[in-house]
Amino acid sequence: MAVNGKLIIIGGAIDTGSFAETQFGMPENMNFFERGILKRITTESAKNTASRFEIITTASLMPEKVGEEYIKAFAQLDVHNLGILNIKNREEANSDENAARIKNADVIVFTGGDQLRLSSIFGGTKIHQILLQKYQSEQVVIAGTSAGAAASSKNMIYQGSSKEALLKGEVKITGGLGFIDDVIVDTHFVQRGRIGRLLYAVASNPGILGIGLGEDTGLCITDGHRMEAIGSGMVILVDGRQMTDTNLTDVEMGQPVSIKNMVVHVMGEGDIYNLLDHSLAIHHPKAVSVT
């Protein structure tokens, strides 16, 4: 089935939704605007700055502060038709008023925080169903940073120590919001050393593609399968289709897991990965001559 919506997933930290949570301030993070991730979210919408934005702060422990940061950040991009939705429970996720706001939105952004709050509060609700329908049939932009990105796929990592991730049972996986299938997303990937979490997740189901998003980095996914790297950092892809062996089912809980022949790709800005044929096209910018 053709997908009409666009999905933008961001690794976190540099996103304004994480500024408040990590104590970063706007002046120190202007690279976020220079690299254009927020602007890219805006311009990918058919109505551009005239779009109706809804910022969902449910994942955050400080939703008011996060909402204020988004209002200020998008105002710098001349986006003013914007609302903040701090949906705190499933009753609110099923309310007609909140559902109508999502129906009328052109851009929906999930902020950072705890992805398990997103899946447990929204899963199976009226808002969740509207989001899935809009993503399939309308030219909507759905964006998520950090927890919002992790929850975007059908499979979702919600817990697991970076240091002990390759011990059996340490990585916890559940169902996400399901905008995209056959992938699993981890965020703050490079900075928090989460390669082990993604390796374990893919080893447990080699048919899914592991996506590790660095901070100030994201993927713009169009047509449901074309993934373009955006931002200043790296995207790590873990492809388990060629994996030849693992002892995952043989070792005891808490014991190290062995994996043979896992394929890893590294994407930078402008690179494009196609989920249909698993091809990676690397962008080769023209060298700038030094005089």
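Predicted model, so just to flag it, every value in this text is computed and none were measured.
- Looking at Lys134, its side chain does come within 3.5 Å of a backbone N or O of Lys103 through a donor-acceptor pair.
- Of all heavy-atom pairs between Ser146 and Gly112, the closest is CB-CA, 3.9 Å.
- Panel note: side chain Asn89, backbone Glu92; a donor-acceptor pair is recorded below 3.5 Å.
- Here Arg226 contributes atom CZ and Asn274 contributes atom CG; the two are 9.0 Å apart, rounded to the nearest 0.5 Å.
- Asn155 and Ser153 form no side-chain donor-acceptor contact under 3.5 Å, judged by distance and modelled atom types alone.
- Panel note: side chain Lys154, backbone Val183; no donor-acceptor pair is recorded below 3.5 Å.
- Contact of the Val238 side chain with the Met262 side chain is registered, since non-hydrogen atoms from C-beta on lie closer than 4.5 Å.
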Check the pair Ile8, Ile142 against side-chain contact (heavy atoms from CB on, under 4.5 Å), reporting the backbone distance first and the verdict last. CA-CA 6 Å; Ile8 299 178; Ile142 298 177; over 6 Å; no
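- Between the CD1 atom in Ile184 and the CG atom in Leu198 there is a gap of 7.5 Å [rounded to 0.5 Å].
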For side-chain contact (heavy atoms from CB on, under 4.5 Å), just list the numbers for Val235 and Ile211, CA-CA rounded to whole Å, side-chain angles, deciding distance to a tenth of an Å, and then say yes or no. CA-CA 7 Å; Val235 178; Ile211 299 174; 4.1 Å; yes
Take Thr217 and Ile230 through the test side-chain contact (heavy atoms from CB on, under 4.5 Å) and record every step on the way to the result. CA-CA 6 Å; Thr217 309; Ile230 59 177; over 6 Å; no
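- Atoms CD1 and CZ, from Ile108 and Arg101 in turn, are 11.5 Å apart once rounded to the nearest 0.5 Å.
- Annotation for Glu91: atom CD does not count as buried by contact number, only 12 or fewer foreign heavy atoms lying within 6.0 Å.
- For the pair Asn247 (side chain) and Val257 (backbone), a donor-acceptor distance under 3.5 Å is absent.
- Residues that satisfy the side-chain hydrogen bond (donor to acceptor under 3.5 Å, both in side chains) test with Arg40, not counting sequence neighbours, are Glu44, Glu228.
- Within the structure, the ring pair (Phe, Tyr, Trp, His ring centres under 6.0 Å) test picks out the following pairs touching residues 85-115 (sequence neighbours left out): Phe110-Phe122.
- Between Glu138 and Asn4, the closest side-chain pair of non-hydrogen atoms is not below 4.5 Å.
- Using a 4.5 Å cut-off between side-chain heavy atoms of Ile, Leu, Val, Met, Phe, Trp and Tyr, with links allowed through other members, Ile208 and Leu248 fall into the same hydrophobic cluster.
- Glu97 pairs by the side-chain contact (heavy atoms from CB on, under 4.5 Å) definition with Ser95, not counting sequence neighbours.
- Aromatic ring orientation, Tyr273 versus His278: perpendicular (interplanar angle above 60°, classes split at 30° and 60°).
- Between Leu219 and Ile9, some side-chain heavy-atom pair lies under the 4.5 Å cut-off.
- Under the 4.5 Å side-chain heavy-atom criterion for ILVMFWY residues, a single connected hydrophobic cluster contains both Ile71 and Met62.
- Nearest heavy atoms, Ala99 versus Ile130: CB-CD1, 3.5 Å.
- Under the 4.5 Å side-chain contact rule for hydrophobic residues, Leu275 and Ile272 do not share a cluster.
- The side-chain heavy atoms of Thr42 and Ser51, taken from C-beta on, include no pair separated by under 4.5 Å.
- Nearest heavy atoms, Val66 versus Ser60: CG2-OG, 3.4 Å.
- For Ala151, the side-chain contact (heavy atoms from CB on, under 4.5 Å) test picks out Gln115, Leu118, Met156, Leu177, with sequence neighbours left out.
- Between atom CZ of residue Phe53 and atom NZ of residue Lys47 there is a gap of 11.5 Å, rounded to the nearest 0.5 Å.
- The two residues Ile157 and Ala201 make their nearest non-hydrogen contact at CD1-CB, 4.1 Å.
- Leu209 and Leu280 fall within a single hydrophobic cluster, where Ile, Leu, Val, Met, Phe, Trp and Tyr are joined by side-chain heavy atoms under 4.5 Å apart, directly or via other members.
- In this structure, Ile282 is a member of the same hydrophobic cluster as Leu213, with clusters built from ILVMFWY side-chain heavy atoms closer than 4.5 Å.
- Listed by first then second residue, pairs satisfying side chain to side chain donor-acceptor pair (under 3.5 Å) with a partner in residues 118-132 read Asp96-Lys126, not counting sequence neighbours.
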May I have the list of side-chain donor-acceptor pairs in residues 77-87 shorter than 3.5 Å, sequence neighbours left out?
| from | atom 1 | to | atom 2 | distance (Å) |
| --- | --- | --- | --- | --- |
| Asp78 | OD1 | His80 | NE2 | 3.2 |
| Asn81 | OD1 | Arg52 | NH1 | 2.8 |

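- Here the CG-CZ distance, from Leu38 to Phe74, works out to 4.5 Å after rounding to the nearest 0.5 Å.
- The heavy-atom pair separating Gly224 from Ile180 by the smallest distance is O-CD1, 4.2 Å.
- Within the 4.5 Å cutoff, no side-chain heavy atoms of Lys88 are placed close to those of Thr58.
- Contact annotation: the side chain of His265 never approaches that of Asp271 to less than 4.5 Å [non-hydrogen atoms, C-beta and beyond].
- In this structure, the side chain of Asp223 does not engage the main chain of His225 through any donor-acceptor pair within 3.5 Å.
- Note that NZ of Lys72 and CD of Glu69 are 4.0 Å apart. Values are rounded to the nearest 0.5 Å.
- In this structure, the side chains of Met243 and Pro206 come closer than 4.5 Å at one or more pairs of heavy atoms.
- When all heavy atoms are compared, the tightest approach of Gly231 to Ile37 is CA-CD1, 3.9 Å.
- Taking 4.5 Å as the limit, some side-chain heavy atom of Ser204 sits within range of a side-chain heavy atom of Ile173.
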